[in-house]
Student: 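This is the structure I want to talk about, given as structure tokens.
Below, chains carry the letters A, B, ... as their sequence lines are ordered, and counting in each starts from 1. Just the heavy atoms: all of them, side chains too, but no hydrogens, waters or symmetry mates, feed the values below.
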2 protein chains.
Amino acid sequence: MVDYSPALMTDMYEYTMLDASLKDGTANRKCVFEVYTRHLPEGRRYGVVAGIGRILDELSRFLLSDEDLRFLSDRKVVSKETISWLENLHFSGSIKGYREGEMFFPNSPILQVEGTFGECTLLETLVLSVLNYDSAVASAASRMVSAAKDRPCMDMGGRRTNEWAAVAAARAAVIGGFQGTANLLAAQLYGLKAIGTAAHCFTLVHDDERSAFASQVEALGRNTTLLVDTYNVEEAVKTAVEVAGPQLGGVRIDSGDLAAMAQRVRNQLDALGATNTKITVTNDLDEYALAALQSAPVDSYGVGTMLVTGSGAPTCAMVYKLTERENSAGVMQPVAKKSKDKASVPGRKLAYRSYEYGLAETEHVISGSETQLAEYRPAEGWKDLLVDYVDHGDIDSRYQGHAAIADAHEYRAKALRELPITAQSLMKGEPVIPTEITVL
Amino acid sequence: MVDYSPALMTDMYEYTMLDASLKDGTANRKCVFEVYTRHLPEGRRYGVVAGIGRILDELSRFLLSDEDLRFLSDRKVVSKETISWLENLHFSGSIKGYREGEMFFPNSPILQVEGTFGECTLLETLVLSVLNYDSAVASAASRMVSAAKDRPCMDMGGRRTNEWAAVAAARAAVIGGFQGTANLLAAQLYGLKAIGTAAHCFTLVHDDERSAFASQVEALGRNTTLLVDTYNVEEAVKTAVEVAGPQLGGVRIDSGDLAAMAQRVRNQLDALGATNTKITVTNDLDEYALAALQSAPVDSYGVGTMLVTGSGAPTCAMVYKLTERENSAGVMQPVAKKSKDKASVPGRKLAYRSYEYGLAETEHVISGSETQLAEYRPAEGWKDLLVDYVDHGDIDSRYQGHAAIADAHEYRAKALRELPITAQSLMKGEPVIPTEITVL
């Protein structure tokens, strides 16, 4: 249906830098690039990594078609020699990083990409696009799931973000703790649970609410969820139970004072004998609204806009920086820029998390040469935060596919439980554990 | 490379509503759906429509493959009879709406979709995803372009949003007044001007800054733009002019106090005889930062994060509501929901903008039956805001493709000039013109 190359989802300067570096030979220098963020969004206590499985998927498709090569040539983005190099484009480097569902903090080395300058530089834009958006959604989702306590949260945000972002958001939401999504393509691509109720237009297209409810129950069964706020909620609930009987699966409320409305509807349902009928609420929910609804008799939440826009932080500030490279003598050297307020920490990294009484205490980032890091021994009980995703071009498929998403969903719940409980506070504050950088 | 159907970029309930409405016959009722927003983002004076050309592109691909149908069947989303209906899925309705690049306000009927309930309801999610994101970016872009006065703004935000959102954002940015993008896929798909400089890693991969600059000038010519803040800006500018000569195309500054730095660099360049060398600045710019840079000697801007995240408003609040439908007797009737704070205005709409002394005064939205609207005569000088995009399934190709984007870019500039100048104020306030709704 659409034919595209992820290799063109790239800023032009990655290609012009490739072109210049192929001419002067630096394209072949071994390099280590690192993805990290200098800071979390204001007041956030932690972030949740998401998107790496998608990067691995794109990596296996990171090729240029003849049409793409013609485009790069016609637009004079690169020279003929570079076109020849690009015909054989294949990432043969290695990638390690944090797991999906893992917590991250300022300066956590979330991903490290090792390979030649040429092949690594081309990956920058795509890697950052995926990680910055997916992690923003997973981080927001995680706060919402905490605020919702044991009540399931469902993604209904597809219509409030770009249509492909919607698909990625559904995946990231589930990694962040959500239970399912309304988005069918996400359900298809990622094996997610698909959920849904009905829209106001369904009630409106019928001559009256009763015939709409009857039609929905006829098609979807009594276990369906009926939307009860198109006209008058009280009348709608009465009609709903008359039509479906007390076995009615659920009702959805999408407007008004949700807590007060849920309370009234719960009492009404109970009085009608529909004691097992669930109440779902939707309507611009965010983590604060969810926290405020804790004492209301609600059974599940549909979250839209604020999920897919990262609840005030629609992107992470992750960057992709060169931290080590071969010099002209073929010796690896740490490098760092010194730009004002944006200086980077040189050298490849190890990352561990230390614990006290079962609770995370410090994020340890260790920088050094390959030899130094190979000899480094962490203290007892420190968790090694890095896994190998790609080994000299070979992608570890355990981190792709449906099972990896379910793993990440579980992993995030466990990793959050291991953080000091302040992590779950919605009050603005510092990252819940400090990051300690050791340069060997 | 990837095979997908935009028809699955859809919330599940659109399909279950289709299923129920096919069973009870309402799927065949003629309907009018309307896209509008109840409010602009807080304090914004106007919005800019973008994304309709992309919706038209997707509409021509809005089909389900055998695999998609199997998915819908396996997951029991719809019944067998509905699968048969979906095998012949083809939008045969009509769409009219605002032009891309047009200004919109609360209750502007941005898009009206007319057809059977079945075919119209399936379009909801995709239509909203595209319009909500693209218009958010175009609206932010337009404010930035105003704040930048005559200096060109370039999209460099791809890495800070989902990888496909990045492609859509580049297109929307150009509609909103930007001149080009760093994103190559956007340049390829939409015929946009591609731009770029170099990253810090390019300087770092070389043994020293001089060899990096020499390599870039060798590969890209003296007219290239060199990044001068990797180590020390003053030294870098000196080296840059030594390497490229006073014909050097430009320098980019990406950190520090951009205004003060631009002033120092301008003086230094002039003293070195590089009086035509341009200065580009980047680094988390938004419309406020651009306004603050007006008196600094800057030649162009690269805008990233704040562009692709809508500068604080990453989505519009556009909704897709049923406003008119056939009843069981085959007669068209206006309909509206009465949900608290979310009531809709019934009936199909006309839309006009009236002017006084060449400046927009009021947005007029006229609601009525098809007959009433056909007989309606606007006052002299009112601009008709609606164009026909799709006529009984036939897409008007003038609104697709590269030329349509250039047209929208021009149109936005003209439409903005016709608004009271308060529209260009960055102070928070009410929409710059009121929307007056007349129900015939």
Side-chain angles (χ1 to χ4, degrees), chain A residues 1 3-5 8-13 17 19-20 23-24 26 61 71 117 125-126 128-129 132-133 158-166 168 182 184-185 188 194 196-198 200-202 204-207 215-216 219 229-231 255-256 309 314-315 322 325 328 335 337-340 342, chain B residues 1 3-5 8-13 16-17 19-20 23-24 26 61 71 117 125-126 128-129 132-133 158-166 168 182 184-185 188 194 196-198 200-202 204-205 207 215-216 219 229-231 255-256 309 314-315 322 325 328 335 337-340 342:
Chain A
M1 301 267 185
D3 192 22
Y4 80 100
S5 169
L8 277 194
M9 297 179 128
T10 297
D11 288 338
M12 187 170 80
Y13 77 179
M17 290 192 290
D19 192 57
K23 287 205 174 85
D24 72 22
T26 52
R61 291 193 284 260
F71 168 75
F117 180 76
T125 312
L126 183 67
L128 288 178
S129 287
N132 271 323
Y133 182 68
R159 65 189 58 192
R160 295 299 176 87
T161 188
N162 169 272
E163 70 275 18
W164 274 108
L184 284 173
L185 187 55
Q188 184 189 41
T197 61
H200 297 101
C201 66
F202 186 75
L204 291 172
V205 78
H206 288 84
D207 290 342
S215 167
Q216 188 176 331
D229 72 337
T230 303
Y231 304 114
S255 55
T309 60
T315 185
L322 182 63
R325 59 112 177 96
S328 51
V335 293
K337 65 174 185 158
K338 292 168 181 160
S339 318
K340 204 168 173 191
K342 291 168 93 175
Chain B
M1 301 270 189
D3 192 23
Y4 80 100
S5 169
L8 277 194
M9 297 180 128
T10 297
D11 288 339
M12 187 171 79
Y13 76 0
T16 56
M17 290 192 291
D19 191 59
K23 287 205 174 85
D24 73 21
T26 52
R61 292 193 284 260
F71 168 76
F117 179 76
T125 311
L126 183 68
L128 288 178
S129 287
N132 272 323
Y133 181 69
R159 64 189 57 192
R160 296 299 175 87
T161 188
N162 170 272
E163 70 275 19
W164 274 108
L184 284 173
L185 187 55
Q188 184 189 41
T197 62
H200 296 103
C201 66
F202 185 76
L204 291 173
V205 79
D207 291 342
S215 167
Q216 188 176 331
D229 73 336
T230 304
Y231 304 114
S255 55
T309 59
T315 185
L322 182 63
R325 58 111 178 96
S328 52
V335 293
K337 64 174 186 159
K338 291 167 183 162
S339 318
K340 204 167 175 192
K342 291 166 92 175

Student: Hey, which of B:Ser255, B:Cys201, B:Ala165 has the most heavy atom pairs under 4.5 Å with chain A?
Tutor: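 Among the listed options, the one with the most contacts to chain A is B:Cys201.
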
Student: Looking at chain A, which one of B:Ala194, B:Ala166, B:Ala198, B:Ala168 has the largest number of heavy-atom pairs inside 4.5 Å, strictly under?
Tutor: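 If we count pairs closer than 4.5 Å to chain A, B:Ala198 comes out on top.
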
Student: If I measure from the heavy atoms of chain B, does A:Leu204 come under 4.5 Å with its side chain, its backbone, both, or neither?
Tutor: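 Looking at A:Leu204, backbone and side chain both touch chain B.
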
Student: To the nearest 0.5 Å, how far apart are CG in B:Leu322 and OG1 in A:Thr230?
Tutor: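 The distance works out to 10.5 Å.
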
Student: Between B:Thr26 (side chain) and A:His206 (backbone), is there a donor-acceptor pair under 3.5 Å?
Tutor: no

Student: Counting only N and O atoms by type, is there a donor-acceptor contact under 3.5 Å from the side chain of A:Arg325 to the main-chain atoms of B:Val205?
Tutor: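 Yes; at least one donor-acceptor contact below 3.5 Å.
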
Student: Out of A:Met17, A:Lys23, A:Lys338, return the one with the most heavy atom pairs under 4.5 angstrom to chain B.
Tutor: A:Met17

Student: For chain B, which candidate among A:Gly196, A:Gly256, A:Ser328, A:Gly158 shows the most heavy-atom pairs at distances under 4.5 Å?
Tutor: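 It is A:Ser328.
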
Student: Of the listed residues (A:Leu128, A:Val335, A:Asp19, A:Thr309), which shares the most heavy-atom pairs with chain B below a 4.5 Å separation?
Tutor: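 Result: the option with the highest number of such pairs is A:Leu128.
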
Student: Can you name the closest pair of heavy atoms from A:Asn162 and B:Tyr133 and give their distance?
Tutor: N-CB, 3.5 Å

Student: So if I apply the side chain to side chain contact (heavy atoms under 4.5 Å, CB included) rule between A:Leu184 and each of B:Leu8, B:Asp11, B:Thr125, which one comes out positive?
Tutor: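 The option that passes is B:Leu8.
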
Student: Using non-hydrogen atoms only, which part of A:Tyr231 is less than 4.5 Å away from chain B: side chain, backbone, both, or neither?
Tutor: both

Student: Non-hydrogen atoms of chain B under 4.5 Å away: do they reach the side chain of A:Asn132, the backbone, both or neither?
Tutor: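 The answer is the side chain of A:Asn132.
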
Student: Judged by atom type as modelled, is there a donor-acceptor pair below 3.5 Å linking the side chain of B:Asp24 to the main-chain atoms of A:Ser215?
Tutor: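 No, because the side chain of B:Asp24 does not come within donor-acceptor range (under 3.5 Å) of the backbone of A:Ser215.
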
Student: Measure B:Phe71 against the heavy atoms of chain A and call it side chain, backbone, both or neither at under 4.5 Å.
Tutor: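 When you check distances to chain A, only side chain atoms of B:Phe71 fall under 4.5 Å.
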
Student: Can you find a heavy atom in the side chain of B:Trp164 that is under 4.5 Å from one in the side chain of A:Met9?
Tutor: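 Heavy-atom side-chain distance check passes, below 4.5 Å.
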
Student: Relative to chain B, which segment of A:Arg159 carries a heavy atom at a distance below 4.5 Å: side chain, backbone, both, or neither?
Tutor: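 Answer is both: backbone and side chain atoms of A:Arg159 are under 4.5 Å from chain B.
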
Student: By a 4.5 Å heavy-atom criterion (distance strictly below it), what part of B:Phe202 contacts chain A: side chain, backbone, both, or neither?
Tutor: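 Both backbone and side chain.
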
Student: Under 4.5 Å heavy-atom distance to chain B, tell me which part of A:His200 shows up: side chain, backbone, both or neither.
Tutor: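 Only the side chain of A:His200 comes within 4.5 Å of chain B.
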
